[in-house]
Amino acid sequence: MPPSPVTPDPAQRAAELRRLAHRLCTLAVHELPRLAGPDTWVGALPQQCHHDLAWHTRALAREAEQLVATARRLEHDQQLSAP
Amino acid sequence: MTTLAYDPERLQALARRMAAAGDELHRLHSDDPLAAAAISAALRAARTLEMHWLPVVRRLLTTDPLGVLRVDATGVQTLVQVLATVDPDVLHDDPQQWGMVASTLQLIDRDPALHRLLLDRMLDTLQPYAAALLVPHLRLDAQELARVADHLVLRWCDEVWTEASIGTVDQFIDRTQPNPADVLFPLLAARPDAARQYVALAAAHPRTVLAATSHHDLAHRVVLVATDPARVDVATAGRLLVPLLDWYRADLFPYGTAAHDEHWSTFLADAIAPWTRQLGPLNHDWGLTANHQRDLVAMLVQHDATLERLLQRADTIRDSLLAQAMDAASLDEFAAYLAMLQQLVVNRRVHDEERIEAGWQLLVSVAGVAGGLLPSGPATSLAASAAVNGVGLLDPSEVDRARHDAEYGKELTLTTAAASVADTVYRQWVADGSVPASTPPPPDVRRSAQHPALEFRDRFGGWLEQLPGGADGELADRVDRLVSTLMNAADAGAAVAR
């Protein structure tokens, strides 16, 4: 399927990126490190799992921050180019 | 970290949430190239979940790839090996890790073969204290619990003391040292059947009952529960108590394996209070020789605290006598028992005024149950109850007189018993119609008389004449025999007690 055209409106584009950032921050995956903690299992492998899940959730949080920063930049550029 | 166990329910929940989280990550979508990195991160997370950790968790739930979590013979042995290498207190004090150990023990416990294997391994392999910590999490019947407790406490008492077995010096001083008896005795005290079987096993080495725990009230509770007259018969009580009493008798100040028992003397009184009849010189319930009985009684009254406690437990002594059936022929045994109490409890040991009075009150109170010892029917029970309640307390002048006049004290005690018997018999006759209700009751005891026994005898003779058939009739003969038995046979008990 060909990619959908991205809207040329920077404000609308920024809003979509902010919505995606919010979704990234509220994913169920963020609960997994707690669920995979020592209340559930204990040992070297469980500890590795816990660290791995925590790493991925931090990565997703960083991507969400990036999306917000990008959205802010788009909005800022639009304000500068406004007549 | 050593892998110990897992919580199956939580792990199943984790698997479900991992699968749901992967689906949600896949559903994230954006056509904006500026979101490409974020979408890639989400897909990487989804792949990690779906291709790595979810299979691990599912495999763990179905095949137990971590090995030690396997609930089979190998898993049991591995678990015991792991437990043997860790500090049991550190493990026990970590709620998460200990919770998982407990979960694994419950899984093992469901399989009878694994249950037996675990018991064998932990009894022989683990430090007794570490093994004892596992016991509350196992389903043991009374016999198993008794056997396990006896085995572990004995091993702990007999093994070479090291810091691992008895803790540090500071722990010893603080009485916080690892001690299997401290863990197991509360379990035994809560289960009378197990306590009884445990004390029976431990009778071969009484120090494990009486000197192992750091908290002696625990040992006292176990013994008192095991020998509770509401739960054990006379013979069993003897089998359990006599070895413990003999142990105390052999070492009057028992400094135990763990700590000195400061309350052993009052505990002895509590333990023996329901069973004093068995120490009487003419009693053979426990198969003791007269010398053995005398030595045990002498030990009991040798310490003021024991004696004082016995006096405080007068109700228990009285109730236990009433609860143990006697026949009319046992009245001579009772008379000897009374004389023994009089000789040993009052005349020899009691010096201060308060305890003198308590001692005499005990004696007269016990004497008053004599009527209740007769073969019982409903009418007799009621009559005995009335007679016992009618004994009353001595006033200070009577106590003082008994203290200074041994003959008066002896007469007072035995005449009280005889009057109690006569009164009980009379009430029974009235109840069953053997005598008219208009027949006067037998005489009571006049404590103020110079010789209460002689005075009672005189009036008793007069009362016999008023019975149907007169003083030579069948009824008079029957009650006269009972009263005479009590008043004459006491000399035997007094002689033995001397």
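Quick note on labels: first sequence line is chain A, next is B, and so on, each numbered from 1. Bear in mind the structure is a predicted one, so any value in this text is a computation, not a measurement.
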Please lay out, stage by stage, how B:R10 and A:L35 fare under the test side chain to side chain contact (heavy atoms under 4.5 Å, CB included). CA-CA 8 Å; B:R10 286 177 183 272; A:L35 295 173; over 6 Å; no
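Within the 4.5 Å cutoff, no side-chain heavy atoms of B:S30 are placed close to those of A:R19. Residues B:L49 and A:L53 are in side-chain contact: their nearest non-hydrogen atoms beyond the backbone lie under 4.5 Å apart. Side-chain contact check for B:D32 versus A:E16: every heavy-atom pair is 4.5 Å or farther apart. Put simply, the side chain of A:L32 reaches to within 4.5 Å of the side chain of B:R17, judged on heavy atoms. Residues A:L45 and B:W53 form a side-chain contact, since some pair of their non-hydrogen atoms from C-beta on lies under 4.5 Å apart.
Other residues, nucleotides and ligands contribute only 12 or fewer heavy atoms inside 6.0 Å of the NE2 atom of A:H22. Residue B:Q143 qualifies as open at atom CD: its count of foreign heavy atoms under 6.0 Å is 12 or below. In the displayed structure, A:H76 atom NE2 is contacted under 6.0 Å by at most 12 heavy atoms of other residues, nucleotides or ligands.
When every heavy atom of A:R23 is checked against every heavy atom of B:R27, the shortest pair comes out as NH1-O, 4.3 Å. Nearest heavy-atom pair, A:R13 versus B:P33, reported as atom, atom and distance to 0.1 Å: NH2-CD, 4.0 Å. Across B:M18 and A:C49, no two heavy atoms sit closer than the pair CE-SG, 3.9 Å.
In this structure, chain A has heavy atoms under 4.5 Å from both the backbone and the side chain of B:A35. Only the side chain of A:L17 comes within contact range of chain B, with at least one heavy atom under 4.5 Å from a heavy atom of that chain.
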May I have the list of side-chain donor-acceptor pairs in residues 58-67 of chain A shorter than 3.5 Å, sequence neighbours left out?
unit_1 : atom_1 : unit_2 : atom_2 : d
A:E63  : OE1    : B:A38  : N      : 3.4

